[in-house]
Structures are given as C-alpha cells and as structure tokens.
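Throughout, a chain's letter reflects where its sequence line sits, starting with A, and its residues are numbered from 1.
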Number of protein chains: 2
Amino acid sequence: MYLPLLDHIDKFVKLDHDERNTVLTYLDCHKVRKKEHVLKEGQVCNAQYFIVKGCFHQYIINEKGVEKTLLFGIENWWMTDFLSFQSHSPSNFYIQAIENSEVISIDKESLEDLLIRVPKLERYFRLCMQKSFGASQVRIKYLFTMSAEERYHHINTMFPEFVQRVPQYMLASYLDFSPEFLSKIRAGKV
Amino acid sequence: MYLPLLDHIDKFVKLDHDERNTVLTYLDCHKVRKKEHVLKEGQVCNAQYFIVKGCFHQYIINEKGVEKTLLFGIENWWMTDFLSFQSHSPSNFYIQAIENSEVISIDKESLEDLLIRVPKLERYFRLCMQKSFGASQVRIKYLFTMSAEERYHHINTMFPEFVQRVPQYMLASYLDFSPEFLSKIRAGKV
DNA sequence: TAAAAAACTTGAAGTAGTTCAAGAAAGGAT
DNA sequence: ATCCTTTCTTGAACTACTTCAAGTTTTTTA
C-alpha cells in the first residue's frame with residue numbers, strides 16, 4: 001500500500017531501515033472516489049497527495065462556468081497546489097479524481113516534522129519538484145509552438161494509453177482548445 | 001557581490017558562519033552583457049544561474065524562425081533549464097540577458113558537492129523551486145482563462161515597472177500573442 | 001552626430017479556432 | 001433491461017487574433 005511511494009523515494013535517495021519506518025508513520029493512504037475532490041477553489045491547500053493508483057486533474061472554472069484542466073496526475077506523481085501549500089493562501093484550483101483512486105497524503109505539519117526527522121527527504125522532494133517543474137516548462141513550450149492539431153497528435157503519439165484514459169473534453173481543455181475542435185481533429189475534418 | 005544570494009538563502013534557511021563561508025567557495029559571479037547567452041538550444045544545461053542584477057529571458061525559436069519568450073527572470077531569481085540540468089539532455093531553450101547583468105553561477109558538480117557539505121541547502125533549493133513551480137502553475141491559469149487583452153492589462157497592473165523594463169515584442173511573446181496585437185491593445189484599437 | 005539597426009505602429013486581408021444548438025452514442029445506476 | 005446522465009459529433013456562423021507589408025520612431029554604434 002505504501003510501497004509505491006517508498007519505491008519512488010528510493011529512485012532519488014537511499015533510506016535505511018529506520019528511516020523507512022519513520023516515513024511510514026507519517027503517511028496516510030486512502031481511497032478517493034471518481035469525481036471526489038481533494039482540493040477546491042478557495043480552500044487553503046494543506047496537503048500533498050501521492051497518487052498510488054488512479055488519475056486526477058487539477059482544474060479551474062472560468063467566468064463562463066466552464067472547467068479548464070491545467071494538469072493531469074497519474075500513478076507515482078505528487079499533486080498539490082504548491083503556491084497555496086507554501087504560502088497558506090486560498091487556492092485557485094480544484095483537484096479531482098477522474099477514476100476511483102488511491103492516494104497517500106501528507107499534510108503540511110507532518111511534512112515539516114518528517115523533513116526534520118529524515119532530512120534526506122528534502123533532497124527527494126527537491127528532485128521530484130525539479131522534475132515536475134521541468135515538465136511544466138516543456139509543456140509551455142508545446143503550447144507556444146504547436147497548433148491545436150499538432151498538440152493533439154503529439155500527445156497521442158507520446159502517450160497513447162493516457163489519451164484513452166481520460167475523457168476527450170478534459171484532454172481538449174488540457175491542450176487548450178474546445179472539445180468540439182478535438183472531435184473534428186479526430187474525424188479529420190480540419 | 002555574493003550578498004544578494006546569501007540574503008536570499010537566509011529567507012528560507014539559516015546558515016551559520018562556517019556554512020556561509022563554505023557556500024561562498026562554490027560560487028562564481030560574473031557579468032553577462034546584454035544579448036549574451038548563458039544557454040543555447042542543443043547544449044546540455046550544466047549550471048544554475050542566480051540573477052544578482054539585470055534581466056534574462058528563456059526562449060525558443062520556432063519553425064518560422066521567430067523567438068518565443070517562455071519566461072523572464074530578474075534579480076533574486078534562479079534561471080536554468082531544469083529538465084536538461086537534471087537529466088543531462090540537450091536543452092530546448094535559449095537563456096539570454098536582456099540587459100547588462102550579473103549572475104552567480106553554480107555548475108552541477110559543484111552543486112552536488114555543496115549540497116553534501118551544506119545539506120540545509122537541499123531545503124533552500126526545494127523551497128525556491130516550489131515557489132517557481134507555483135508561479136508557473138498560476139501562469140498557465142492566466143494563459144487558459146484570460147484573453148490577450150486581459151493578460152496584458154493584468155501584467156501591466158501587477159508589474160508596471162517590469163512591463164517598462166522589457167521590449168514590447170518580448171512581452172507580447174511571453175503573453176502569447178503577436179507584437180502587432182500588443183501595439184493595437186496599447187493604442188486602444190482593439 | 002550620422003548612419004545603421006532595432007523596436008514599434010497601422011491598416012487590410014486572412015485563418016485557426018470558438019460558439020451554439022441539436023442530435024447520437026456511450027456509460028452508470030437501479 | 002431501461003432510464004438518466006454524461007460524453008461525443010456535426011455543421012454553420014462568428015471572432016479573436018495573426019500575417020503581411022510599409023512606414024515611423026527609438027536606440028545603438030562608430
């Protein structure tokens with residue numbers, strides 16, 4: 001149950017037996033049902049979530065009441081609103097399960113505590129974040145340089161299983177165009 | 001010369017006298033002239049740059065040969081291509097000085113070394129990155145929810161001095177629209 | 001301080017993608 | 001198995017923004 005996270009940590013830093021056990025005492029694994037939220041706009045984001053199983057998206061609702069998906073997360077990714085988490089400010093975002101999922105959550109206080117007891121984890125979280133941030137930089141590059149159609153074909157080539165896994169309208173939103181347009185791209189009508 | 005960085009570190013973690021001195025031995029401060037690059041597409045990004053003075057932008061050149069600015073950096077920000085830095089892969093980006101600037105650079109090996117000697121810095125870099133990543137998440141929100149005109153007015157309200165500081169065509173590119181369109185927004189011709 | 005280069009402006013014509021509305025298909029719950 | 005909800009499709013009308021080209025202004029360099 002907690003193994004996926006320990007394995008993930010192990011890719012970045014080596015913990016000894018005691019440290020692993022310490023980590024375990026701080027974690028809390030629970031199920032999140034499809035469509036359930038772990039964060040809503042306006043709330044202060046007080047935890048980070050490691051996805052053990054399932055799929056989430058981070059989204060906002062625009063002034064027309066339409067959902068815009070900014071980010072997806074699947075197994076072995078951390079999800080949170082880092083800005084709200086760090087600065088205790090109300091979040092701009094919703095984070096919602098797209099499938100029945102399982103997450104390991106750790107709240108801010110526990111994390112602070114844990115990082116004092118297992119300082120090696122500072123490195124783990126640093127490297128994780130570096131990876132996410134790198135990915136987000138590349139994403140902006142794609143948004144800035146490719147047409148809607150190119151973005152769709154690109155993601156479809158790189159992550160075909162993922163494209164099947166999430167609703168089309170969310171994918172369209174993530175790629176920053178309308179669901180109708182995605183439908184037309186797929187039908188070859190553009 | 002190195003004080004701005006030590007001050008910045010001090011906002012996140014407290015170093016003792018020895019640790020500060022250790023840090024200093026790893027740093028290298030140098031001037032970068034306007035239009036000079038610290039990173040070009042295709043190079044592996046081997047260092048992180050802390051901006052002591054001046055202004056940089058990270059950009060790509062698209063298939064039409066046009067520059068697209070993905071990110072700006074000013075005093076007290078770190079700039080690098082984290083993906084390339086972490087995974088030793090060729091960078092997608094250029095990083096160039098917009099003004100005559102001064103940076104403190106630290107290369108990958110030195111950083112690894114330094115982090116071993118001053119482990120507290122793991123925390124510093126983690127928190128720095130968390131802040132940058134949070135900012136980049138919010139930026140994507142703006143790109144996804146505001147019209148071109150709204151994005152311009154927003155940045156102009158939030159950071160008026162910054163808007164004056166960089167060429168309009170770079171700002172337009174950063175906001176993801178054409179320089180001509182920015183000209184028209186400013187003239188009230190949209 | 002003149003000449004060259006870089007940055008900004010303007011209008012006209014074009015287009016990539018949106019919006020709307022209505023129907024069809026697929027998925028979930030009881 | 002059927003009803004209800006959610007998701008996907010299609011075409012027609014529209015629009016926010018781009019592209020192009022030419023001229024003007026500002027900045028840099030020698």
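Between the CD atom of B:Glu149 and the P atom of D:dT15 there is a distance of 16 Å, rounded to whole Å. Put simply, CZ on B:Phe177 is 18 Å from P on C:dG17, counting in whole angstrom units. Between A:Glu67 atom CD and D:dT7 atom P the separation is 8 Å, expressed in whole Å. Rounded to an integer number of Å, the gap from B:Glu99 CD to C:dA6 P is 18 Å. Regarding A:Arg165, its CZ atom lies at a distance of 17 Å from the P atom of C:dG27, rounded to whole Å. The CD-P distance, from A:Glu180 to D:dA13, rounds to 17 Å in whole Å. With rounding to whole Å, B:Met146 atom CE is found 13 Å from D:dC17 atom P. Rounded to whole angstrom, the span from the CD1 atom of A:Ile98 across to the P atom of C:dG28 amounts to 14 Å.
Between the side chains of A:Ser136 and B:Ser136, at least one donor N or O lies within less than 3.5 Å of an accepting N or O. In the model, A:Asp107 has a side-chain atom that pairs as donor or acceptor with a side-chain atom of A:Ser110 under 3.5 Å.
Taking only distance into account, the side chain of A:Lys184 never meets the base of C:dG17 through a donor-acceptor pair shorter than 3.5 Å.
For B:Ser183, whose side chain is taken as the heavy atoms from C-beta onward, the closest listed nucleotide among C:dC8, D:dT10, D:dT7 is C:dC8. Among the nucleotides D:dT19, C:dA6, C:dG17, the one closest to the side chain of B:Lys35 is C:dA6. Closest to the side chain of B:Ala187, out of D:dT19, C:dT10, C:dC8, is C:dT10.
Contact between the side-chain N/O atoms of A:Gln168 and the OP1/OP2 oxygens of D:dT9 is found at a separation under 4.0 Å. A close approach under 4.0 Å does occur between a side-chain nitrogen or oxygen of B:Lys64 and OP1 or OP2 of D:dT19. Within the 4.0 Å cut-off from OP1 or OP2 of D:dT9, at least one side-chain nitrogen or oxygen of A:Arg186 is found.
For A:Lys120 and A:Glu19, the salt-bridge test passes: some basic side-chain N is under 4.0 Å from an acidic carboxylate O.
Within the 4.5 Å cutoff, the side chain of A:Lys31 has no heavy atoms near those of the A:Val103 side chain.
Residue contacts for A:Phe181: at a heavy-atom cut-off of 4.0 Å it reaches a base atom on one of the strands shown.
Residue order along DNA chain C, read from the 5' end via each residue's closest nucleotide, puts B:Pro179 first among A:Lys34 and B:Pro179.
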Set out, in order, the CA-CA distance, both residues' side-chain angles and the distance that settles ring-ring contact (aromatic ring centres under 6.0 Å, His included) for A:Tyr49 and A:Phe56, then state yes or no. CA-CA 10 Å; A:Tyr49 303 92; A:Phe56 286 73; 7.5 Å; no
